[in-house]
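Step one of this worksheet: look at the structure below.
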2 protein chains.
Amino acid sequence: MVMEEKKISSAVIRRLPRYYRYLGELIESGVQRISSKELSARMKVTASQIRQDLNNFGGFGQQGYGYNVQYLYEEIGKILGIDRNHNMVIIGAGNLGKAIVNYSDFEKRGFVIKGIFDNNPKIKGTKIRGIEVRMMNELTDFIKDNEIEIVALTIPKEAARQIAKVVADAGVKAIWNFAHTDLNLPDDVIVENVHLSESLMRLSYTIANRK
Amino acid sequence: MVMEEKKISSAVIRRLPRYYRYLGELIESGVQRISSKELSARMKVTASQIRQDLNNFGGFGQQGYGYNVQYLYEEIGKILGIDRNHNMVIIGAGNLGKAIVNYSDFEKRGFVIKGIFDNNPKIKGTKIRGIEVRMMNELTDFIKDNEIEIVALTIPKEAARQIAKVVADAGVKAIWNFAHTDLNLPDDVIVENVHLSESLMRLSYTIANRK
DNA sequence: TAGATTGTTAATCGATTAACAATC
DNA sequence: TAGATTGTTAATCGATTAACAATC
């Protein structure tokens, strides 16, 4: 019997990491159980939405009680795939690349930075948080040898479009794209975009159009 | 007679900067006119959506012809509020703050970085792209004296929550928040979040759950 | 047991897509 | 004029909210 997988909407997926973050903070402050109503007040969403969202993945709560914070936190972690490690490389050792390398929380969540790549020979062999900076000609072999799943692109858009193809061919599963361009790649390569200039323009729109 | 302003949905606003980016690239490649059909093919959205989105703001096209690329680009720029300058300060002179300061495209779009603030006395008075690093005690006066509209927060979450209140009181219009927390501020302060860890978790979700 | 709160169905609301008359 | 393509209304689709029976 073939399981008919219910398709989870991207609206739900967008909210999951936020639930995870709030649950993490609840754990830190020693809260052990929470109702959808109380969580909804903190997060400024409806309790109904929380229950609907969670029930896409199964019933994690208990009638009359609410949700066990620790348990729900772990379950959402599993759903998000951060219950295991993901090997990652950063391409572009500029400020943005360095910022990602130095942000230790990613590693805590299982995103292990195995290498940093740049095209500037002057910084070849230098280290950022103990991780060696390598040149681009090593990239394809490095991806294969180190089972790299994720590539973060913090380089200009023209280079990003070109390198994206290279790393897709090398077999990475996903690209975390900070370049100000869309990447046209085969469907089996996941692309998650962080378009900072678009974010800033949305902010500007809101300034310009608020009552 | 009071104008009944039609509320623009956030889904539309999210797409506007992307239209703007594509139109900019069309201008660079010398394209002078484009139909919604052709643009839809490039952007991988429906032509119907493009026409609906644009018609929230007025009729920019011409039947039988399509849209004048330059004109539409400028009109969307006006809608996004980037037809004028916005003074900005960056709080946090770490790698992420530096990345923003050094990314010259923001300035090209009218986001003028007037100051950089940090709490590390060792870098007081140093310059990043010619802009002086100042200490936090100068912040409130600086915001008022320089008509700062936007504050980018690239500092840890605890500091971000505290400084957000300070700059809101100082009268900034909007906060571009890179800290891994939500900011609870009065409704008249606009907050645009860039939660990198949430972006990375969505990517991880997609890896874990793809067919 | 009584009260609380979930899981889930139904109702509503909003966004996207389709269709086509208007018109350049 | 004939062809192309917009602007806009109508139809569809999907997401959010409300309601409530199930149950801890």
Side-chain angles (χ1 to χ4, degrees), chain A residues 4-19 22-23 26 31-76 79 202 205-206 209, chain B residues 4-19 22-23 26 31-76 79 202 205-206 209:
Chain A
E4 189 65 27
E5 284 281 332
K6 182 172 47 191
K7 167 84 180 149
I8 310 293
S9 85
S10 67
V12 175
I13 297 160
R14 238 182 293 124
R15 288 190 290 265
L16 281 182
R18 189 158 178 265
Y19 292 133
Y22 272 82
L23 290 165
L26 285 169
V31 177
Q32 295 189 3
R33 70 182 237 195
I34 195 157
S35 68
S36 60
K37 191 180 165 198
E38 203 185 325
L39 188 57
S40 81
R42 287 173 186 261
M43 296 186 64
K44 292 170 185 165
V45 297
T46 63
S48 204
Q49 181 164 77
I50 292 173
R51 295 203 300 276
Q52 283 277 22
D53 283 353
L54 297 178
N55 274 83
N56 281 296
F57 304 99
F60 302 121
Q62 198 169 77
Q63 283 100 326
Y65 174 89
Y67 298 88
N68 178 295
V69 174
Q70 182 70 39
Y71 173 70
L72 185 57
Y73 180 77
E74 284 166 15
E75 289 302 310
I76 294 180
I79 293 164
R202 282 192 291 271
Y205 172 90
T206 316
N209 294 280
Chain B
E4 188 65 29
E5 285 281 331
K6 183 171 47 192
K7 167 86 179 146
I8 309 294
S9 84
S10 68
V12 174
I13 297 160
R14 238 182 293 125
R15 288 190 290 266
L16 281 181
R18 188 159 178 264
Y19 292 133
Y22 272 82
L23 289 165
L26 285 169
V31 177
Q32 296 187 4
R33 69 182 238 196
I34 195 157
S35 67
S36 58
K37 192 180 165 198
E38 205 184 325
L39 187 57
S40 80
R42 287 174 186 261
M43 295 186 65
K44 292 171 183 163
V45 297
T46 64
S48 203
Q49 180 164 78
I50 292 173
R51 296 203 299 276
Q52 284 277 23
D53 283 353
L54 296 179
N55 273 85
N56 281 297
F57 305 98
F60 302 121
Q62 199 170 75
Q63 282 101 327
Y65 174 89
Y67 299 88
N68 179 293
V69 175
Q70 181 70 42
Y71 172 70
L72 186 56
Y73 180 78
E74 283 166 16
E75 289 301 311
I76 295 180
I79 294 164
R202 284 192 290 272
Y205 172 89
T206 316
N209 295 279

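Just so we're on the same page: letters track the sequence lines, and every chain starts at 1.
Residues satisfying the side-chain contact (heavy atoms from CB on, under 4.5 Å) criterion with A:Ser48, sequence neighbours excluded, are A:Thr46. By the side-chain hydrogen bond (donor to acceptor under 3.5 Å, both in side chains) test, B:Gln52 is found to be paired with no residue, residues two or more places apart in sequence or in another chain being considered. With sequence neighbours excluded, the residues satisfying side-chain contact (heavy atoms from CB on, under 4.5 Å) with A:Phe57 are A:Ile8, A:Val12, A:Leu16, A:Phe60, A:Ile79, B:Tyr205. In terms of the side-chain contact (heavy atoms from CB on, under 4.5 Å) criterion, residue partners of B:Val31 (sequence neighbours excluded) are, by chain and number, B:Leu26, B:Ser29, B:Val69. Residues meeting the side-chain hydrogen bond (donor to acceptor under 3.5 Å, both in side chains) test with B:Gln49, sequence neighbours left out: none. Considering only residues two or more places apart in sequence or on other chains, A:Tyr73 meets the ring-ring contact (aromatic ring centres under 6.0 Å, His included) condition with A:Tyr20.
Separation of atoms CG (A:Leu23) and CD (A:Glu75) is listed at 11.5 Å; rounding is to 0.5 Å.
Sequence neighbours left out, not one pair with a member in residues 56-67 of chain A passes side chain to side chain donor-acceptor pair (under 3.5 Å). For the salt bridge (Lys or Arg N to Asp or Glu O under 4.0 Å) condition, the pairs that include at least one residue of residues 38-66 of chain B, sequence neighbours left out, are B:Arg15-B:Asp53.
Consecutive Watson-Crick or G-U pairs involving DNA chain D, each under 3.5 Å on both distances, make up stems of three or more pairs at C:3-24 with D:3-24.
In the 5' to 3' direction, nucleotides of DNA chain C lying under 4.0 Å from heavy atoms of chain B begin and end at C:dA15 to C:dC24.
Scanning both residues, B:Gly64 and B:Arg33, for their nearest heavy atoms gives O-NH2, 4.4 Å. The two residues A:Ala47 and A:Ser40 have their closest heavy-atom pair at N-CB, 3.4 Å.
Contact of the A:Leu72 side chain with the A:Leu54 side chain is registered, since non-hydrogen atoms from C-beta on lie closer than 4.5 Å.
Listed by residue number, A:Arg51, A:Gln52, A:Asn55 are the residues of residues 38-56 of chain A with a heavy-atom contact under 4.0 Å to DNA chain C. The stretch residues 59-67 of chain B touches DNA chain C through B:Gln62, B:Gln63, B:Gly64, each having a heavy atom under 4.0 angstrom from the strand.
The residue B:Arg15 sits close only to the backbone: its heavy atoms come under 4.0 Å of sugar-phosphate atoms, none of a base.
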